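Below is one structure, written out as structure tokens; comments come after it.
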There are 4 protein chains.
Amino acid sequence: MGQKRIGILTSGGDCPGLNAVIRAVVSHARLTYNWEVLGIPYATQGLLERQTIPLDLHCFDLGGIDPLLSMGGTILGTINKGDTLARATAIVASYHALALNALIAIGGDGSLAILHRLARLGNWNIVAIPKTIDNDVALTERAIGFDTAVNTITDALNRLTFTAASHDRVMVVEVMGRTSGHLALHAGIAGGADCILIPEISYSIAKICKHIQDLRDRVHRRFAIIVVAKGAKPATETPSCDAASLKDCGIGQYITTQISRYFTEHIDIRASVLGHIQRGGIPSAADRLMATAFGKAAVDLIAQERYDRMVAWQNGQVIPVPLQEVLSHCPLFVNPQSYLVETARAVGVYVGNFT
Amino acid sequence: MGQKRIGILTSGGDCPGLNAVIRAVVSHARLTYNWEVLGIPYATQGLLERQTIPLDLHCFDLGGIDPLLSMGGTILGTINKGDTLARATAIVASYHALALNALIAIGGDGSLAILHRLARLGNWNIVAIPKTIDNDVALTERAIGFDTAVNTITDALNRLTFTAASHDRVMVVEVMGRTSGHLALHAGIAGGADCILIPEISYSIAKICKHIQDLRDRVHRRFAIIVVAKGAKPATETPSCDAASLKDCGIGQYITTQISRYFTEHIDIRASVLGHIQRGGIPSAADRLMATAFGKAAVDLIAQERYDRMVAWQNGQVIPVPLQEVLSHCPLFVNPQSYLVETARAVGVYVGNFT
Amino acid sequence: MGQKRIGILTSGGDCPGLNAVIRAVVSHARLTYNWEVLGIPYATQGLLERQTIPLDLHCFDLGGIDPLLSMGGTILGTINKGDTLARATAIVASYHALALNALIAIGGDGSLAILHRLARLGNWNIVAIPKTIDNDVALTERAIGFDTAVNTITDALNRLTFTAASHDRVMVVEVMGRTSGHLALHAGIAGGADCILIPEISYSIAKICKHIQDLRDRVHRRFAIIVVAKGAKPATETPSCDAASLKDCGIGQYITTQISRYFTEHIDIRASVLGHIQRGGIPSAADRLMATAFGKAAVDLIAQERYDRMVAWQNGQVIPVPLQEVLSHCPLFVNPQSYLVETARAVGVYVGNFT
Amino acid sequence: MGQKRIGILTSGGDCPGLNAVIRAVVSHARLTYNWEVLGIPYATQGLLERQTIPLDLHCFDLGGIDPLLSMGGTILGTINKGDTLARATAIVASYHALALNALIAIGGDGSLAILHRLARLGNWNIVAIPKTIDNDVALTERAIGFDTAVNTITDALNRLTFTAASHDRVMVVEVMGRTSGHLALHAGIAGGADCILIPEISYSIAKICKHIQDLRDRVHRRFAIIVVAKGAKPATETPSCDAASLKDCGIGQYITTQISRYFTEHIDIRASVLGHIQRGGIPSAADRLMATAFGKAAVDLIAQERYDRMVAWQNGQVIPVPLQEVLSHCPLFVNPQSYLVETARAVGVYVGNFT
């Protein structure tokens with residue numbers, strides 16, 4: 001198959017496991033195929049500026065230890081968004097100036113869509129690897145970073161449960177998920193939440209409050225844990241003044257205020273916004289394993305010159321799927337009738353709408 | 001479907017996530033169906049002695065916190081094996097004396113085989129839930145406890161890597177896996193091992209040593225991490241004296257000695273046996289989630305009176321599979337041509353046989 | 001010394017290690033002295049209502065495991081504050097109605113001051129155990145909960161560093177500490193922060209920004225981690241409109257806005273409020289050990305009828321100190337000339353005032 | 001004080017926190033004093049071979065992140081022992097050939113004694129920093145690595161407790177500590193062990209077995225956790241055949257066999273040797289903080305030309321103590337009448353001799 005020069009970049013929000021992908025790509029491309037591998041820093045920004053970082057086996061070693069497998073974030077840097085399409089012509093020119101045979105792009109659905117468009121425009125060879133703590137990339141069971149983020153949030157919920165229980169407090173925990181609620185749903189079940197509010201299933205403040213009251217009446221439990229995805233939505237429209245308040249204070253604080261107002265007696269209720277810690281941390285074993293498998297698969301696709309594909313995890317296997325097909329199904333929402341939603345309800349969690 | 005009395009027991013080696021299954025079964029059976037749930041302590045031993053522990057919502061609560069979701073081990077106790085079949089008649093009589101409508105059995109392939117046989121013999125209704133850190137139960141991608149054990153071993157490998165690197169030391173790490181190497185393979189890749197030796201692919205001491213020497217020559221790395229499953233086997237028969245020695249000292253120490261003898265110069269090499277810590281710990285988010293989903297599914301199968309089935313994780317879904325079919329495929333070995341074996345080799349790991 | 005009936009309560013904000021104290025008190029009082037131990041739920045609220053929870057060895061056991069040593073929060077519940085002094089007469093009457101010989105109070109400086117006053121008023125026998133994640137109780141090197149909270153924040157800083165570095169982002173991390181900065185200072189050094197802003201040393205936005213700029217110019221590092229205690233204060237008075245804004249949005253967001261305005265070019269800067277997760281979690285080994293030692297010491301003080309004392313950790317030993325003396329020195333601030341402040345500066349951290 | 005060239009080396013067994021010391025030394029020496037800093041790899045071996053690694057701010061940076069603060073092991077490498085004194089003349093010559101003004105040595109009591117002797121012999125300027133997971137260096141409350149190791153063992157004990165409880169099993173856990181039992185004592189208390197056997201207090205198999213039996217009779221607990229330091233010794237001499245067996249199998253397995261033989265009925269009892277994982281891992285916040293404070297203090301001592309001293313942690317402060325005086329008190333044993341031994345007994349732990 002001959003000598004190749006391939007590029008690799010990370011795009012969109014960072015997450016744990018990106019460096020493990022980079023390590024696997026470099027290992028396989030160098031050891032098996034003896035290709036040249038160039039890291040492109042800061043996604044399309046680096047491409048535009050024609051910056052490259054030559055990557056080789058052990059090039060980041062520390063005293064013999066390769067830190068990439070267990071290191072969070074991305075050694076290549078990333079950007080969340082930019083005026084990429086406005087500068088499409090210049091970026092396309094840069095790609096060709098770098099004389100790359102193919103580009104491995106690690107990103108979420110937004111980044112992959114842009115890169116897919118650029119690749120078509122510029123006649124590039126692209127292979128995509130899905131990453132996103134939101135897990136909303138279609139046609140793959142999991143994307144890189146999701147398992148670690150679920151563990152991080154689950155751990156945070158356990159911490160908050162101890163303090164909530166000690167103070168008879170209702171704790172509203174805001175987690176990531178603007179359009180999809182996979183993260184809130186998985187971590188909420190694993191962390192033993194009492195209510196899980198996600199964008200896909202509208203919630204009712206009255207029903208949340210009834211659930212809290214039931215816990216008090218039925219099992220004499222005076223605390224509760226409510227997990228709220230950023231994009232959770234109420235079943236009925238709220239007056240415009242409330243909408244303004246939601247925008248200002250965030251969904252966690254907004255729901256906290258709504259619940260607080262609903263109860264006639266005083267209840268101790270607090271909001272906690274988990275924020276950026278959800279993206280950080282040492283990748284879990286499952287994320288490292290999948291990152292390594294994805295990195296290997298992406299390199300093999302290039303060797304086979306099967307481009308415009310995304311590597312996907314399906315039924316315990318890594319398989320290639322057409323990138324176009326993936327993007328046409330993204331973002332992947334939680335199915336309100338899915339098994340996990342039913343599972344949450346089976347263990348007594350309020351997941352919106354009916355209880 | 002009417003009122004039922006169901007039993008639940010845990011059998012075989014313990015692992016993290018068993019209590020999360022028990023919690024989900026009790027929640028769903030009580031909240032959704034209002035059935036009576038009896039815990040059977042110490043598997044068939046408790047059954048034989050007709051001991052039961054009535055289980056209800058919140059019956060283990062600590063200051064309002066339900067500890068079962070995050071607690072390792074099994075609150076019901078378990079036994080590894082016993083003279084169960086010899087006492088089959090008495091056990092069968094006990095089951096009927098307890099007037100159970102169905103029994104949920106959480107176990108590995110060995111335990112499930114015995115319980116399946118007893119159930120047939122005694123005309124029981126049984127629903128099985130797979131658990132085993134070995135992950136060798138067929139027809140399910142994962143069994144409860146495996147993800148946590150992989151994380152535990154991966155963490156241990158990271159710890160050992162720091163100390164090995166500081167001392168230019170070869171570290172031979174013995175992990176569980178008498179007949180199947182899933183645990184060693186997953187954790188070895190995630191933990192960045194240099195060699196992974198599993199029962200399914202025979203190893204060669206000469207090739208391990210060549211790999212260690214290559215690391216020294218090629219990248220000036222003087223440490224190495226070798227993960228060895230308990231049941232790993234050499235490609236060629238060793239003389240009987242060595243076999244005796246293997247039996248006495250364990251595979252980790254045995255390979256350590258073999259490697260040490262192979263090198264003409266002195267090398268710093270040590271064995272580390274991870275042992276029982278591999279079974280312990282707080283269950284990972286994925287294990288808690290799957291435990292909850294399995295518990296719910298098992299209860300629903302009883303509601304539908306679909307017995308002699310095991311709940312399985314396939315392609316991100318929980319589905320029931322005939323228990324008989326599962327057992328006929330157990331234990332599930334690592335396929336030497338599998339994607340993960342190839343992945344390990346792609347990142348430069350020696351996994352036995354050819355390099 | 002005869003048979004005694006002793007009470008134990010936890011007061012103020014919860015933290016990890018409280019249950020380990022309760023366990024040690026019960027163990028030693030029951031095993032060594034055979035006294036009766038009554039838990040008083042929700043601090044003075046439970047006392048007022050004359051509620052008690054009889055405590056005995058293993059009374060919270062789960063399948064033989066005593067969960068108290070490793071369980072966060074407090075099994076007895078707690079209250080942050082109340083109209084305790086307004087109801088002093090009733091509380092005093094309750095204490096005597098319960099026929100207690102002595103009361104072990106676990107609290108921070110605020111709670112201990114109130115209980116000390118009540119004890120004097122009511123002629124009680126009190127022994128105090130210091131707990132607070134702020135570590136601002138005088139005459140003891142450490143209070144229960146501090147070591148765990150420092151580890152929690154350090155871990156969060158590590159997570160945030162990965163994501164900040166990947167995005168070239170300045171991250172402003174708000175941590176607890178309204179009047180004292182021990183938590184921010186310890187965790188900031190351990191977590192590798194670039195700036196640590198504490199109540200005891202006023203900060204300058206100009207100098208923070210110069211520090212950020214220096215990192216960019218000198219070592220080409222474009223991210224930075226700024227740890228801010230809740231009570232951090234600027235060196236110069238800000239206009240009243242800003243003070244209003246500070247009150248509304250919190251110190252983290254306030255400083256984020258100030259820094260953002262200071263730079264003429266756009267910088268990527270975000271605030272992250274760690275919030276209640278700082279109180280939660282499994283207690284560290286050091287907190288469990290100190291909790292056990294403190295619990296034992298408190299019981300021995302009662303046996304010796306040496307009351308009105310607090311157990312303290314000094315120079316690796318547990319010693320009793322007069323409670324009155326402790327309270328007259330509380331809260332304990334960070335000394336701006338202390339060794340740790342100098343240590344932070346030695347490794348290049350901006351800790352306020354001069355750099 | 002003028003320009004200096006200083007060396008730094010790590011000696012003896014590795015532990016978490018060594019890299020944090022190196023980072024602090026380099027930061028302070030470069031930022032505050034602008035000295036040249038040379039790392040000496042592999043302790044006296046590197047010195048003998050006149051190898052040096054120039055160290056500067058950020059010289060190990062990964063994408064802007066300084067990994068040294070949180071990285072276990074030692075980037076400089078270390079040796080456990082060697083024929084150092086036999087080659088003293090050559091080592092002394094090397095030191096002078098490198099034109100160092102002073103050497104910072106991070107080591108345990110064994111390494112520091114050798115380096116102290118070499119320094120006297122060679123007329124070196126030496127400043128010592130204590131590290132050892134055994135915590136047996138005199139005149140300092142803690143040495144680097146101890147807090148992390150205690151947390152690691154405590155976590156392992158928690159894991160083993162779950163599995164022991166599930167199987168009604170006695171678990172004998174062998175931990176480090178050939179001559180001193182600080183590690184076993186601290187972790188044993190924090191991890192809730194039932195028996196703690198240390199070199200300083202001889203144990204009796206009969207009393208251990210009585211303790212196990214008491215747990216069964218008194219609280220119906222059929223599992224037990226026994227922590228054994230490597231150097232634990234029985235109160236009475238065992239026959240020579242047993243001594244041979246002890247040497248072969250290790251103290252953990254030896255005690256396991258002894259207990260097993262003592263009971264007339266069968267008990268489920270297993271040994272677990274924690275081994276090298278005790279040295280590894282990410283340093284705890286306390287170890288990172290102390291490492292940073294020690295590194296800063298060592299550099300300041302050189303600036304003040306106060307040599308032949310060790311930095312020590314006493315009463316929450318870092319102070320210099322004469323190295324000669326430290327060594328004359330090493331190793332520091334557990335005082336059998338100490339507060340912690342009494343604390344363990346107060347919560348019902350058998351710590352040897354009388355119960």
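Lettering of chains follows the sequences in order, A, B, ..., and the numbering in each one begins at 1. These numbers were taken from a predicted model, which means no experiment stands behind them.
Ranked by non-hydrogen atom pairs under 4.5 Å with chain C, the options Ser284(D), Gly316(D), Ala190(D) are led by Ala190(D). In terms of heavy-atom pairs under 4.5 angstrom with chain C, the leader among Ile153(D), Val150(D), Asn158(D), Leu62(D) is Asn158(D). Contact count versus chain C (heavy atoms, under 4.5 Å) is highest, among Thr343(D), Asp300(D), Thr292(D), Asp155(D), for Thr343(D). Interface summary for chain C: among Arg23(D), His220(D), Glu342(D), the most heavy-atom pairs under 4.5 angstrom belong to Glu342(D). Contacts with chain D were tallied for Asp66(C), Val299(C), Asn151(C), Val25(C); Asn151(C) has the most, counting heavy-atom pairs under 4.5 Å. Contact count against chain C (heavy-atom pairs under 4.5 Å) is highest for Ala285(D) among Ala20(D), Ala285(D), Ala344(D), Ala24(D).
The distance from atom CG of Leu31(C) to atom CG of Leu57(C), rounded to the nearest 0.5 Å, is 4.5 Å. To the nearest 0.5 Å, atoms CG (Asn19(C)) and CG (Leu68(C)) are separated by 5.0 Å. Remark: Leu301(D) CG to Lys296(D) NZ distance equals 9.5 Å, nearest 0.5 Å. Atoms SG and CD1, on Cys195(C) and Ile225(C) in that order, are 10.0 Å from each other to the nearest 0.5 Å. For the atom pair CG of Asp194(C) and CG of Leu215(C), the computed distance is 5.0 Å after rounding to the nearest 0.5 Å. The distance from atom CD1 of Ile6(D) to atom CD1 of Ile104(D), rounded to the nearest 0.5 Å, is 4.0 Å.
Between Gln314(D) and Leu139(D), some side-chain heavy-atom pair lies under the 4.5 Å cut-off.
Residues Tyr350(C) and Asp214(C) bring no donor and acceptor atom of their side chains to less than 3.5 Å of each other.
Within residues 161-171 of chain C, the residues that have a heavy atom under 4.5 Å from a heavy atom of chain D are Thr161(C), Phe162(C), Ala165(C), listed by number.
Partner Asp147(C) forms a side-chain contact (heavy atoms from CB on, under 4.5 Å) with one of Thr152(C), Asn135(C), Asp287(C) and no other, that one being Asp287(C).
Both the backbone and the side chain of Ala297(C) come within contact range of chain D, each with at least one heavy atom under 4.5 Å from a heavy atom of that chain. For Leu340(C), the part sitting under 4.5 Å from any heavy atom of chain D is the side chain, from C-beta outward, and nothing else. Residue contact with chain D, scored on non-hydrogen atoms closer than 4.5 Å, involves the backbone and the side chain of Ile65(C) alike. Using a 4.5 Å cut-off between heavy atoms, His186(C) contacts chain D through both its backbone and its side chain. Interface residue Ile189(D): backbone and side-chain heavy atoms are both found under 4.5 Å from chain C. Only the side chain of Arg218(C) comes within contact range of chain D, with heavy atoms under 4.5 Å apart.
Between Phe146(D) and His182(D), the ring planes lie perpendicular to each other; the angle is over 60°, past the 30° to 60° tilted range. By the 30° and 60° cut-offs, the orientation of the rings of Phe294(C) relative to Trp313(C) is perpendicular.
Looking at Arg221(D) and Asp61(C), no side-chain N of the basic residue comes within less than 4.0 Å of a carboxylate O on the acidic one, giving no salt bridge.
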